[in-house]
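In this text the structure is predicted, and so the values were computed from the model without any measurement. Atoms within each ligand, like the ligands themselves, are counted from 1 in listed order.
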Amino acid sequence: MTATIIDGKAFAATVREKVATHVARLKDEHGITPGLAVVLVGEDPASQVYVRSKGKQTVEAGMKSVEHKLPADTSEAHLLALIDELNNDSSIHGILVQLPLPKHLNEDLVINAINPAKDVDGFHISNVGLLGTGQKSMVPCTPLGCLMMLRDHHGSLSGLDAVVIGRSNIVGKPMAQLLLGDSCTVTIAHSRTKDLPDVVRRADIVVAAVGRPQMVPGDWIKPGATVIDVGINRIDAGAGKTRLVGDVEFDSASRVAGAITPVPGGVGPMTIACLLANTVTACCRMHGLAEPEGLTA
Ligand code: NDP
């Protein structure tokens with residue numbers, strides 16, 4: 001069997017198109033421009049690339065983009081004051097504080113200072129609780145993107161066996177909640193899981209969010225299963241070069257799976273597209289307007 005490649009890059013383009021259409025409607029019919037504020041503390045090169053890309057795509061979708069770049073030694077009080085200001089700014093509907101923060105800043109405290117209605121990353125404790133109890137919430141972008149691709153590929157996910165490898169608050173746990181919300185039978189695997197290959201072999205859906213290059217080989221995959229590879233790992237490609245690989249061994253897995261996301265070009269592009277989607281959703285909810293269809297969980 002050769003797996004269908006789930007093209008996250010193309011899918012993300014359709015999500016961005018839907019977002020742009022909805023943004024245009026909000027402007028025309030209601031005179032509202034959704035606004036996203038991104039806060040970056042310090043000069044982590046990877047974070048700078050992400051923030052630039054987020055800003056560019058926000059503007060391309062017709063939204064207002066605001067970037068706050070603060071020095072690495074910014075005090076907690078200063079950062080909290082900025083978040084308070086953004087919470088009270090009616091032109092801002094989404095606030096994202098780029099993680100990781102420098103060590104002297106308490107990430108939980110900072111994230112929980114964001115107005116949950118504007119928490120487009122879905123990391124605020126209120127949104128975590130709402131998602132866990134099956135209520136309307138802001139959903140973390142990466143798992144939301146995975147869910148959209150799975151729904152698009154399968155239609156209904158009801159009754160399918162899903163294994164999520166990884167239990168982080170950012171990917172693994174919310175992913176498992178979303179799959180449960182769509183009536184999958186969900187197993188969450190982690191570094192202490194016994195017989196991981198056997199656990200994975202039972203799954204109709206495998207979501208790998210570990211951060212270990214090519215850890216999941218093809219012979220762990222049930223024939224015909226759908227594999228969503230969240231991992232982004234940079235490995236040595238020889239001759240002084242590097243390349244990106246996922247947590248799944250793509251070549252062997254794609255000979256067994258029914259469908260698989262590549263790395264790069266799978267989950268990655270969906271994450272920023274879902275950030276834009278969350279910003280529009282937050283804006284609509286704040287103004288009591290209908291939410292765009294197909295862009296929420
Ligand atoms: P974390 O490091 O926070 O979590 C990794 C998880 O993997 C942990 O729960 C850990 O288990 C588990 N794990 C580690 N080793 C093993 C093992 N040998 N067997 C089974 N489970 C194991 O990572 P994140 O969730 O933040 O990210 C995971 C990957 O996804 C990374 O490669 C990251 O770069 C990528 N990522 C990609 C995004 C995208 O946009 N595509 C966005 C976010 C992340 P335990 O809890 O027991 O330690």
(Q) Between R285 and E291, does any NZ, NE, NH1 or NH2 come within less than 4.0 Å of an OD or OE carboxylate oxygen? (A) yes
Q | For atom 42 (C) of ligand 1, the protein heavy atom that lies nearest, with its residue and separation | A | T142 OG1, 3.3 Å
Q | Pick from V210, V164, V199: the one approaching atom 7 (O) of ligand 1 most closely through a non-hydrogen atom | A | V210
**Q.** For atom 10 (C) of ligand 1, closest protein heavy-atom neighbour
**A.** S191 N, 4.3 Å
Q | Polar contact flag for L196 and ligand 1 (N/O pairs, less than 3.5 Å) | A | no
Q.
Could you check whether atom NZ of K9 has more than 12 heavy atoms from other residues, nucleotides or ligands sitting under 6.0 Å from it?
A. no
Q. Of all the heavy atoms in T193, does at least one lie under 4.0 Å from an atom in ligand 1?
A. no
Q | Top protein contact for atom 15 (N) of ligand 1, by heavy-atom distance | A | R212 NE, 3.0 Å
(Q) I'd like to know if M270 contacts ligand 1, where contact means a heavy-atom distance under 4.0 Å to any ligand atom. (A) no
Q: Would you mind checking which non-hydrogen protein atom is closest to atom 27 (O) of ligand 1, with the distance to 0.1 Å?
A: V171 CG2, 4.4 Å
Q. Are the side chains of N233 and L244 in touch, meaning some heavy atoms are under 4.5 Å apart?
A. no
Q. Hey, are the side chains of P292 and V19 touching, using non-hydrogen atoms and a 4.5 Å cut-off?
A. no
Q | Closest protein heavy atom (residue, atom, distance) for atom 31 (C) of ligand 1 | A | G211 CA, 3.6 Å
Q: Report the nearest protein non-hydrogen atom to atom 33 (C) of ligand 1: residue, atom name, distance rounded to 0.1 Å.
A: I232 N, 4.3 Å
Q: Nearest heavy atom to atom 4 (O) of ligand 1 wins, so pick from C146, C141, S168.
A: S168
Q. Is V97 close to E107 at the side-chain level, that is, under 4.5 Å between some pair of heavy atoms?
A. no
Q. A209: heavy atom below 4.0 Å from ligand 1, yes or no?
A. yes
Q | Selection from I228, V230, V200 by shortest heavy-atom distance to atom 35 (C) of ligand 1 | A | V230
(Q) Is there a side-chain hydrogen bond (donor to acceptor under 3.5 Å, both in side chains) between S91 and K64? Walk through the geometry before answering. (A) CA-CA 8 Å; S91 74; K64 171 177 163 170; 2.7 Å; yes
Q | Pair R25 + D28, salt bridge at N-O below 4.0 Å | A | no
Q: Would you mind listing which atoms of ligand 1 come within a distance below 4.0 Å of any non-hydrogen atom of G166?
A: 6 (C), 7 (O), 9 (O)
Q: Report yes or no: does a heavy atom of G172 sit under 4.0 Å from some atom of ligand 1?
A: no
Q) Can you tell me the protein heavy atom closest to atom 17 (C) of ligand 1 and the distance? A) M215 SD, 3.8 Å
Q. Taking everything shown except Q135 itself, do over 12 heavy atoms lie less than 6.0 Å from its CD?
A. yes
**Q.** Crowding at CZ, R192 (>12 non-hydrogen neighbours, <6.0 Å)
**A.** no
Q | Subset of ligand 1 atoms that lie under 4.0 Å from at least one heavy atom of T271 | A | 39 (C), 40 (O)
Q) With atoms numbered from 1 as shown, which atoms in ligand 1 lie under 4.0 angstrom from a non-hydrogen atom of G268? A) 41 (N)
Q) Got the closest protein heavy atom to atom 9 (O) of ligand 1, with its distance? A) R167 N, 2.8 Å
